[in-house]
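Atoms within each ligand, like the ligands themselves, are counted from 1 in listed order. Values reported hereafter were calculated over all heavy atoms of this structure, with side chains retained and with hydrogens, waters and symmetry mates removed. None of the values given here were measured: they were computed from a predicted structure.
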Amino acid sequence: MLHWGKDAAGALRSVAAVVADLVVPPLCLACHRPVSSHDAICARCWSDIDFIRAPLCDRLGIPLPFDIGGTMISAAAAADPPDYERARAVARFDGVMRELVHDFKFRDRHDAHRLFGRWLAEAGAALLADADLVVPVPLARARLAIRRFNQAAMLAQEVARLTRRRYEPFALRRIKRTQSQVGLTRQQRRENVAGAFAVAGAKATLAGANVVLLDDVITTGATARACARVLKRAGAARVDVLALAMVTDPAFLAP
Ligand SMILES: [Zn+2]
């Protein structure tokens with residue numbers, strides 16, 4: 001009887017495992033085809049992502065055509081230095097990466113955040129190594145109500161957890177209504193976010209701190225610049241920017 005009981009329990013457990021896989025089988029986060037593990041993308045989607053690798057411009061984090069050794073600065077960064085020290089992104093904002101970010105942002109597909117967290121921790125390893133705080137770019141309250149969550153905050157929290165850094169979700173807040181940056185030129189974007197951010201009562205925490213600012217996409221860097229300016233004005237020693245994706249199109253970078 002006891003023997004039968006053990007078998008029954010084992011059978012039940014394996015049935016439960018099968019049912020669990022039937023309910024949530026692991027699917028590629030991008031194309032939704034079956035894959036072998038959760039929180040992953042398939043080999044085909046992986047190969048479509050243009051991961052940003054060295055050699056890079058140390059300031060803007062854009063790929064450079066060749067490595068001349070040492071710290072390299074792109075012509076775009078030299079002509080128009082950003083308010084932050086260094087920006088890094090996982091991949092170019094293109095193809096599958098664009099789809100992944102879009103799903104994450106607008107279609108409530110939050111299941112990708114673990115994979116994104118691992119990618120960000122890797123792409124931002126140098127920035128995070130001596131960071132004191134991880135701070136997300138805040139969403140406007142109206143937009144937060146529509147989307148129900150701030151994807152940058154979700155990413156920042158995951159990165160802070162993985163790298164054991166302090167997560168500071170309320171260091172920044174939006175103080176001005178801004179229109180969506182989509183479709184705006186580089187100059188319009190800067191004007192749109194000028195004066196849009198403020199430090200929200202975290203001045204003591206920011207004093208002398210190395211901050212990693214987290215956003216989903218760096219397009220022209222206008223938002224990151226505006227945030228870096230107020231963080232530094234509040235006493236941050238250094239502000240680096242880390243994002244999932246980055247637009248590396250020269251049209252956006254030319255001063
Ligand atoms: Zn796929």
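- Note: Trp46 and Trp119 have perpendicular aromatic rings, judged against thresholds of 30 and 60 degrees for the angle between ring planes.
- Expressed to the nearest 0.5 Å, how far CG of Asn210 lies from CZ of Arg238 amounts to 4.0 Å.
- The cluster map of Ile, Leu, Val, Met, Phe, Trp and Tyr, joined by side-chain heavy atoms under 4.5 Å apart, puts Val90 and Leu115 in the same cluster.
- For the residue pair Thr220 / Arg186, no side-chain donor-acceptor distance below 3.5 Å is found, with atom types taken as modelled.
- The number of heavy-atom neighbours closer than 6.0 Å to CZ of Arg44, taken from other residues, nucleotides and ligands shown, is 12 or below.
- Residue Asp240 forms a salt bridge (charged side-chain N to carboxylate O under 4.0 Å, His left out) with just one option from Arg59, Arg88, Arg165, Arg86, and that option is Arg86.
- Of all protein N/O/S atoms, those under 2.8 Å from the Zn ion (ligand 1) are Cys28 SG, Cys31 SG, Cys42 SG, Cys45 SG, and waters are not counted.
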